[in-house]
Amino acid sequence: MKIDIISCQPGLIDGFFSQSIVKNAIQSNLVEIKTHDLRPFGNGNYRQIDDYQYGGGAGMVLMIEPLAKLIRQLQEKTTYDQVIYLTPDGKTLNQKSVNKLSLSKNLLMICGHYKGIDERVRELFVTQEISIGDYVLSGGEIAAAVLTDAIVRLIPGVINDETSALTDSFQDDLLAPPVYTRPADFEGAKVPEILMSGNEKLINDWRLEKSIERTTQRRPDLLPK
Ligand code: ADE
């Protein structure tokens, strides 16, 4: 899989990818991630990439020409499954959409800044608009990093234990059950006996029960109606 990311602060994203689980995936050639600085595509000697909005109002807007130039240059080399714009007014990200995106061959992500991007970029180039939650970040970079991390960890081979990603919270519309490791007894706080029974069927039943219990208590909206 290849992920191209357009940003006017690529250092923010590169820093994240040089540390995380994504770094291992890149080093193992399971994914190729490239950030593309918008600035060199800016207009004029000052490489202008943003301007005041028509109609007045606070905040700068990323201009269409630099974005169009860079997007077109990337599209000449690569056919993208999706051109994603990270924005708080996009569709809220969930595990189902991450699963779907993880099957893509090539993705292009666009990070907004300031007041956002010229609406015509969205109309002409963007195929999917994604929000990572109902709050506003100062730019799309952190959102792109979140989305990339969520996608990359699903690529086979990225997580050592392949089944691990399948038992994550949300994969079956249930939150994950509690997990424990040694010691079996910490100052009287004990690990449930059943997990040490060695009986796989009983353990699976217990985990499912706890998942349902936890989902009912914390996220009843996830349960089937
Ligand atoms: N850019 C700013 N806020 C965002 C959010 N919540 N999700 C995605 N992109 C954003």
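These numbers come from a predicted model, not from an experiment. Order of listing sets the numbers, starting from 1, for every ligand and every atom in it.
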Legend entry - Check: Asn106 main-chain N/O paired with Ser104 side-chain donor or acceptor under 3.5 Å: no
Legend entry - Protein contact of atom 6 (N) of ligand 1 - nearest heavy atom, named by residue and atom, plus distance: Tyr135 O, 2.8 Å
Legend entry - Leu86: numbered ligand 1 atoms lying under 4.0 Å from its heavy atoms: 8 (C), 9 (N)
Inset, instruction - Within a distance under 4.0 Å of any heavy atom of Ala143, pick out the atoms of ligand 1 and give their elements. - result: 8 (C), 9 (N)
Legend entry - Whether Ser197 side chain and Ile194 backbone form a donor-acceptor pair below 3.5 Å: yes
Inset, instruction - Decide whether the shortest distance between a heavy atom of Gly133 and an atom of ligand 1 is less than 4.0 Å. - result: yes
Inset, instruction - Measure the distances from the heavy atoms of Gly90 to every atom of ligand 1 and state whether one is below 4.0 angstrom. - result: no
Legend entry - Donor-acceptor contact present, side-chain Thr215 to main-chain Leu175, <3.5 Å: yes
Legend entry - Numbering as shown, the atoms of ligand 1 that approach Ile130 to under 4.0 Å (heavy-atom distance): 8 (C)
Inset, instruction - Kindly determine whether Glu141 and Ser7 satisfy side-chain hydrogen bond (donor to acceptor under 3.5 Å, both in side chains), including the steps that lead there. - result: CA-CA 7 Å; Glu141 283 76 9; Ser7 161; 2.6 Å; yes
Legend entry - Pro88 contact mode with ligand 1 (heavy-atom cut-off under 4.0 Å): both
Legend entry - Which of the ligand 1 atoms, numbered from 1, are nearer than 4.0 Å to a heavy atom of Ser131: 6 (N), 7 (N), 8 (C)
Inset, instruction - Take Phe17 and Val152 through the side-chain contact (heavy atoms from CB on, under 4.5 Å) test and state the conclusion after the steps. - result: CA-CA 11 Å; Phe17 293 152; Val152 168; over 6 Å; no
Inset, instruction - Determine whether any heavy atom of Ile142 lies closer than 4.0 Å to an atom of ligand 1. - result: no
Legend entry - Closest approach of any protein heavy atom to atom 7 (N) of ligand 1, naming residue and atom: Ile132 N, 3.0 Å
Legend entry - Lys/Arg N to Asp/Glu carboxylate O, Arg39 vs Asp37, below 4.0 Å: no
Legend entry - N-O pairing of Glu213 and Lys210 below 4.0 Å: yes
Legend entry - Pair Ser97-Asn94, side-chain donor/acceptor within less than 3.5 Å: yes
Legend entry - Protein residue, atom and distance nearest to atom 3 (N) of ligand 1, heavy-atom basis: Leu137 N, 3.0 Å
Inset, instruction - For ligand 1, note which part of Asp134 has a heavy atom under 4.0 Å away: side chain, backbone, both or neither. - result: neither
